[in-house]
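Heavy atoms only: backbone and side chains are in, while hydrogens, waters and symmetry mates are out.
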Amino acid sequence: MKHFTLPKDGGLLETNLPGNILHSYENIVTEIYPDSTDASDKIADIIIKSVNDFTATNPGRKFKLGLTTGASPVSLYKWLTRRYNEGKISFKNIEVFSIDEFYPIVNLSEGRNRRLFQELLDLVDIPKENIHIPLSTDKEDKVTQFCSDFEKISRGLDLLVIGVGEHGEIGFNEAGASEKSRTRTVRFSYQSRKRQANNNFNGNIKHTPETAITIGVDTMMSAKRIILMAWGEEKAEAVKAIVEDGITPAYPASFLQKHDNITLFADETASSLLTRIVSPWLVGPCIWTPKFVRKAVIWLCQTVHKPILKLTQKDYLENSLGELLETRTFDKINIDVFNDLQHTITGWPGGKPGSREEYRPVKASPYPKTVLIFSPHPDDDVISMGGTFIRLVEQGHNVHVAYQTSGDLAVHDDVVLQHMDAAMELGFGDRFDEVKALIESKRPGMPEPKELLKLKGAIRRSEAKSADRSFGLDDKRNVHFLNLPFYESGGVAKLPRTQADLDIIKALLRQLKPDQIYMAGDLADPHGTHRVCTEAALESIEQLKEEGEMWLEKTNIWLYRGAWMEWELGRVDMAVPLSPDELIKKRHAIFRHLSQKDIVPFPGDDPREFWQRAEERTQNTARLYDELGMAEYQAMEVFLRLC
């Protein structure tokens, strides 16, 4: 299956740029790849070469490999398994050391290391005695000795491969950890337990252990070589802190700056706040495309706190942008960028009938357009582009929305019981006790019962239809629930994307033949639902083109962002302003998703509700446009044009 990365437009000329210049702002050398799959492929090569070189020069000794738990290494394990099947590596001479595990747990099916076994160790030729997991059922008075024994065998690893958490944690060494820490038990904070509940226990914090065993920072520092991994935009702030800022216990991974053989591998989203990405002209020569010039000018405005048309030649020269002045005067650059950004703004996302099209992001014809909005979950459409959704419907276009997954896992058990109680009170039958027993039969770490998921899926469908009706959409003709099979695993870890998922999407595309397609473009979680849904839609479109569906050549694809982050203005192709009334209408549509209000099982660390995140994000975008000298709007939703 193909992997999707955002198209590049200009940037740093890295070819032949010396490493000491490329990494000049970095305290930990960082290698940036388009996505986690490409980066993991490279890391797998490094592991294989390290093992093979070691075996050739150290006969009779085993290679000590430290591996991380969690979601970060999933792609890496797949590459290592593939290399093993190709005969490029044997694990017979490798000792694997896992860096952490919940404590106490009875078996690995409830633990952090189950994926390490399922996706790597159970599939290769490693002897069981070569596997070392910090798994203990010892009583508290004996677990200290267990940790001491594990510390002795895990020091001096030949290679340690470890993921970085959203707050710079490494293993379970979280904020406040000491750089002298060794293998020990740690107690989770409430926020940490919430994260572990989301990742391992279907959002149920009651079933989440309060403590864990982890190797310490000092233990990690004893490794001969360290590779860090960071994927997804939720890691961006942590990557910035541990790579470019000073050493601090607030970001435990920053202690690793002191290691003399360490590299961080990051994807484009995790590295998005690094200097060589945010302001690469500070690092070296650049390719100056129109969009990249816009990026630089916007950065300059935010640096000197001026609107575009007030920038001076001195501003350019004093902020390392003199290279821009070699081809144009500063005032010509200001005017060109101002016009370029202004032309992204339109109140007609489907095109304005009868208008001149020269400077508009969307052509007027055909009118009305058939528009298809792909929504990974049953509320991403209204959260991410609800105002644009409203405009498209009210301006007379034939708008369809396709919910790619059921979203059933994101419904709390209590919400199901509330619906059962309401059905009973309305006289539609009493199934409350039956459903309650079904809920109580759930086991930590195991898939949810299918009958329970059916109820949760029905709740989410009813909410989505209610939101769509509030826009005036026909929920029987224009609303489509695709229920892509990859999502229906019954747990947080999803099934692989297959042709079956693509065939469902292709059938809808053939039926509608849309002129415009909107889809999620945020790639925060490399193994998450948004990314899988977007890649499935794009691959479906590619297959249809190869099969001769020529109408797709005229179809425009627009990418929206999720509720947390917004596209940087340097990349935006269309900005749709929202009036105060439209913002309220969007908010009310989000409110129709009652199961996601207040008690969402997977909210992350952000305490705001989805409607608050969405409003603050779009209002901030409008404020940025205003500060750059554009007209002042209540809020704005912005999009990237893919084709």
Distance, nearest 0.5 Å, that separates [atom1] of [X] from [atom2] of [Y]:
X: L512; Y: H480; atom1: CG; atom2: NE2; value: 5.0 Å
X: K295; Y: R571; atom1: NZ; atom2: CZ; value: 7.5 Å
X: F639; Y: Y560; atom1: CZ; atom2: OH; value: 9.0 Å

Exercise. Under the criterion side chain to side chain contact (heavy atoms under 4.5 Å, CB included), which of N339, I345, D340, L341 is the partner of H343?
Worked result: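 Testing H343 for a side chain to side chain contact (heavy atoms under 4.5 Å, CB included) against N339, I345, D340, L341 leaves exactly one candidate, N339.
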Seminar exercise, completed: Checking V399, T388, N478 against I373 for side chain to side chain contact (heavy atoms under 4.5 Å, CB included), the one that qualifies is V399
Problem set entry | Test item: S540 and E535 side chains (from C-beta on) under 4.5 Å apart, heavy atoms |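 Not touching, per the 4.5 Å side-chain cut-off.
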For this session: Would you indicate whether the side-chain heavy atoms of Y518 and L372 approach each other to under 4.5 Å?
Result: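 A side-chain contact under 4.5 Å is absent here.
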Using 4.0 Å as the upper bound for N to carboxylate O, is an ion pair formed by [Y] and [X]?
X: K235; Y: D267; answer: no
X: E268; Y: K8; answer: yes
X: K454; Y: E451; answer: yes
X: K586; Y: E615; answer: no
X: R561; Y: E233; answer: yes
X: K291; Y: D573; answer: yes
X: D468; Y: R592; answer: no
X: D100; Y: R112; answer: yes

For this session: State, without any angle test, whether Y403 and D379 hold a side-chain donor-acceptor pair at a distance under 3.5 Å.
Result: no
Side chain of [X], backbone of [Y]: donor and acceptor closer than 3.5 Å?
X: E566; Y: N620; answer: no
X: K456; Y: V411; answer: yes
X: W231; Y: S72; answer: yes
X: Q596; Y: A410; answer: yes
X: E244; Y: L274; answer: no
X: R391; Y: P577; answer: yes

Exercise. E488 and S406: side chain to side chain donor-acceptor pair (under 3.5 Å), yes or no, with the steps?
Worked result: CA-CA 8 Å; E488 301 304 324; S406 65; 2.9 Å; yes
Exercise. Does the gap between the ring centers of F172 and F188 come in under 6.0 Å?
Worked result: yes
Exercise. Going through the distances and angles, do N398 and H400 end up as a side chain to side chain donor-acceptor pair (under 3.5 Å)?
Worked result: CA-CA 7 Å; N398 178 26; H400 292 254; 3.2 Å; yes
Exercise. Given T344 and Y625, is the side chain to side chain donor-acceptor pair (under 3.5 Å) satisfied, shown in steps?
Worked result: CA-CA 11 Å; T344 65; Y625 266 82; 2.9 Å; yes
For this session: Please assess L482 against I505 for the test side chain to side chain contact (heavy atoms under 4.5 Å, CB included), listing each intermediate value before the final yes or no.
Result: CA-CA 7 Å; L482 304 186; I505 296 173; 4.2 Å; yes
For this session: May I ask you to establish whether K494 and F486 are in a cation-pi arrangement, using a distance under 6.0 Å from NZ or CZ to the six-membered ring centre and at most 45° from the ring axis?
Result: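 K494 over F486 ring: no.
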For this session: Please report the shortest heavy-atom distance between P378 and G407, naming the atom on each side.
Result: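 Heavy atoms of P378 and G407 come nearest at CD-CA, 3.9 Å.
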Problem set entry | Criterion side chain to side chain contact (heavy atoms under 4.5 Å, CB included) on F481 and V479, from CA distance to verdict | CA-CA 7 Å; F481 296 97; V479 179; 3.7 Å; yes
